[in-house]
Amino acid sequence: MILITAPPFPTPCSHLRHLHVPPRPPLRHESTTHRSKSSRFRRSVSAASSLLPQPPRNPDKASELRALWKRFWKVAAPYWFSEDKDQARLRLAAVFALTLATTGISVGFNFLGRDFYNALSNKDQEQFTKQLLYYLCGFAGGIPFFVLRDYAKETLSLRWRSWMTKHYLQRYLKDQTFYKIQSQSMIDNPDQRIVDDLSSFTSTALSFSLTLFSATIDLISFSNILFTIYPPLFLLLLLYSLGGTAISLFLGKGLVNLNFMQEKKEADFRYNLVRVRENAESIAFYGGEQNEMQLLLDRFRSAFDNLTELLIASRNLEFFTDGYRYLIQILPAALVAPMFFSGKIEFGVINQSVSAFNHILGDFSLVVYQFQAISAFSAVIDRLGNKTLFLHLGIISLFTHQRLVYNSGEFDDLLDNNITSHTMDEIELTYQSAERSSLLVDSNGSSLQSRPENQKLLEIQELTLQTPTNGTTLVHNLTAHIYDKDHLLIMGPSGSGKTSLLRAMAGLWRSGKGRITFYLNPQTLENSVNTSPGDVLFLPQRPYMVLGTLRQQLLYPAWTTTTTMDGGSERDDGMDELKKPTTDDLMRTLKNVRLGHIVDRFGGLDSFHEWSSVLSLGEQQRLAFARLLLCQPKLALLDESTSALDEANEAHLYQQIQSAGITYISIGHRQTLTKFHNKILHFSTADPKSIERNWRIEDVNAKEDSLLNQ
């Protein structure tokens, strides 16, 4: 009887047999922007699209492979030339050395198996016992190499992912790139590209690199064995594997798109569930449970239908792949058996040929064995532009649509291009030393040099502000000067450009023309092009509540701290430790904004809560004013920051920041705000057909003096 055994250790490619693509968190939906007839918008859209990879017209396969290899190398290469390159290359060399060792061990066991079954066939008990002992010693000595190879590969993958995550986060958060990507809806779901796609890319890129290396060594080693035993068997193997690969590609070509759509549809379903959780109160007030139920079922039904198609396609492919696997179990033995019967070879050679045949078949049949894993993973790597690896293997390029190939990689390209509006005109935002403002003169020509209380903080010159999406003009030719203690109130109808003006001041919007100049502390200018909390602080209508403790809420954004969930040690990554507020400072500031009671209510400054849920909007706005008082900026920009407060609390907060010596610019609708400001900037809705200015500045103090004189 012929005994056919599997290799005693995993084959070099076996670590990919169960490749797992992690489920994806929800994709956020892109908003579709309709084209405008505005020529400025056409220029903006054209320029923005130039940031994305442009497919060549009718490219040939060679140029596709070259372009995609460059894209893969662009994503993968930085780590191997980074500050961690020495450790990375050393660990990679160790992984390849261990892989080489495991291949050698597999070859050794191939010969051990031959001698073992020869002794069994010859009924040689002494030789059988000896070979059995060799086997046991081989197990003891070989297992650590396989375990260490996998461990070294996983730790290198984790180290690579850690570096790439930091690398992408730095680029994503640099120069407000995250805001520009989100506001212009350039790509979907960048957060999950950083979390899941980077993890999948590093682990699978490393696994496939290792597979190619081990398959090459394996092929060379076992091909020599098989060719020596029976050359026709090697040729049959080559034809069998090539035929199986071609049939697999033909039967499974639809799996790529189905896997891509399944990932998206399930993510849409999860995202709708997240929206229900995040908007639970609003849905409950509206009584919209039935509507939400219908929307959720529609999303689930879409995922269900696609999964049904995916299962049918997988079933059809498995009819072939299962037959492909099982037929090969008897084919090599059937071909070599006549040589055994004629006495040309020993019984152990049959087992050796079967083992060598299976090794080589695994190397040649990567596509057949891994087709579903490859097609599932191709949907993930498309989001980072890393389909190159598989195209380089000549796998996906045979059945992937051209659009999927050239739409990949936009995230990495966008991070590299430092996205701007790219319109013909752009608002110039500059930061100059506060010392220079003392050398300037006001609009009447009087010198301000000897009056430090009139230090200029902000200058707006001939500003025309437009929306970045469709080029609609919101503000015409605005000129204004803000000096120390010049408290400006911006009023006007909804949609007239009040908040948009603050966006332009923050550098978020650059569409339009004109100049905005901040006069800051000299040390800030050495930091970056963005203002720091010590100079300018923006307070939105709905404050941002960080995930952390009450202490972290108060210290944000000037001081970045890391605190353990059990309230343990805290690390400061922000401003100078000498400037960091003490616990007494935090408690005193909370009392100043009438929030002293929340410390006892929530169990201290170091308690963790979902602050956006447990605090009312009014309490959140008072907490934002506490941040303002702690940061002590030179200029504060308040976007309806007291809209949820009663008039008494509103007046109290404005008195607090006035006493702190903070100059502020407010947006509001209440007439009660006018008494806390000495200038009012009135906006009216801009006429798109007119170039006349749609604003006027009112001096409150001058008006009061005029009334008194009358």
Side-chain angles (χ1 to χ4, degrees), residues 457 484-485 487 520-521 523-524 527 531-540 542-638 641-642 644-646 648-664 666 676:
L457 300 180
D484 191 29
K485 306 301 185 295
H487 306 309
L520 310 176
N521 293 323
Q523 57 268 30
T524 302
N527 262 341
T531 58
S532 73
D535 297 301
V536 181
L537 187 64
F538 176 74
L539 267 63
R542 178 173 287 277
Y544 173 61
M545 297 286 107
V546 301
L547 298 175
T549 64
L550 181 57
R551 184 188 303 274
Q552 288 173 304
Q553 303 302 323
L554 293 167
L555 296 178
Y556 183 86
W559 299 273
T560 303
T561 58
T562 302
T563 308
T564 58
M565 291 296 293
D566 59 359
S569 61
E570 191 177 87
R571 177 171 58 86
D572 177 39
D573 295 324
M575 288 183 172
D576 191 333
E577 185 70 24
L578 296 176
K579 298 180 181 179
K580 182 180 176 181
T582 63
T583 298
D584 290 340
D585 293 332
L586 299 181
M587 296 294 295
R588 182 169 54 253
T589 303
L590 283 173
K591 290 179 181 178
N592 288 341
V593 297
R594 297 178 177 176
L595 282 180
H597 61 281
I598 69 171
V599 178
D600 294 332
R601 173 178 157 195
F602 293 110
L605 290 173
D606 295 316
S607 59
F608 281 84
H609 292 280
E610 185 67 40
W611 300 104
S612 59
S613 300
V614 299
L615 295 178
S616 68
L617 181 57
E619 289 173 325
Q620 292 178 46
Q621 289 185 341
R622 279 182 279 169
L623 188 62
F625 271 84
R627 293 173 178 170
L628 180 61
L629 293 172
L630 289 168
C631 289
Q632 293 286 316
K634 295 173 65 177
L635 180 63
L637 308 176
L638 314 178
S641 302
T642 57
L645 298 175
D646 58 88
N649 272 310
E650 179 182 72
H652 175 73
L653 292 178
Y654 271 99
Q655 290 167 1
Q656 288 292 319
I657 60 176
Q658 278 184 351
S659 300
I662 299 171
T663 303
Y664 50 85
S666 304
F676 305 112

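Since we're looking at a predicted model, the values are computed, not measured. We're numbering straight along the sequence, starting at 1.
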For residues [X] and [Y], determine if any side-chain heavy atom of one lies less than 4.5 Å from a side-chain heavy atom of the other.
X	Y	value
Val593	Leu623	no
Leu628	Leu638	yes
Phe676	Thr642	no
Glu650	Tyr654	yes
Lys634	Thr663	no
Met545	Tyr556	no
Pro557	Tyr544	no
Val599	Leu590	yes

If you measure from [atom1] on [X] to [atom2] on [Y], what distance do you get to the nearest 0.5 Å?
X	Y	atom1	atom2	answer
Glu619	Arg594	CD	CZ	13.5 Å
Asp535	Leu635	CG	CG	9.5 Å
Ile657	His652	CD1	NE2	11.0 Å
Leu645	Leu653	CG	CG	6.0 Å
Leu554	Trp559	CG	CH2	10.0 Å
Asn592	Gln655	CG	CD	12.0 Å

Check [X] against [Y] and note the closest heavy-atom contact, atom names and distance.
X	Y	answer
Gly603	Ser607	O-CB, 4.0 Å
Ile662	Ala636	CG2-CB, 4.0 Å
Ala558	Cys631	CB-SG, 3.7 Å

(request) Going by the side-chain contact (heavy atoms from CB on, under 4.5 Å) test, name the single residue among Leu595, Leu605, Leu555, Leu615 that passes it with Leu550. (result)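 Of the listed residues Leu595, Leu605, Leu555, Leu615, the side-chain contact (heavy atoms from CB on, under 4.5 Å) partner of Leu550 is Leu605.
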Would you say the side-chain atoms of [X] pair up with the backbone N or O of [Y], donor to acceptor, closer than 3.5 Å?
X	Y	value
Gln553	Val546	yes
Thr589	Leu630	no
Trp611	Gln620	no

(request) Determine whether more than 12 heavy atoms belonging to other residues, nucleotides or ligands lie under 6.0 Å from atom CG of Leu547. (result) no
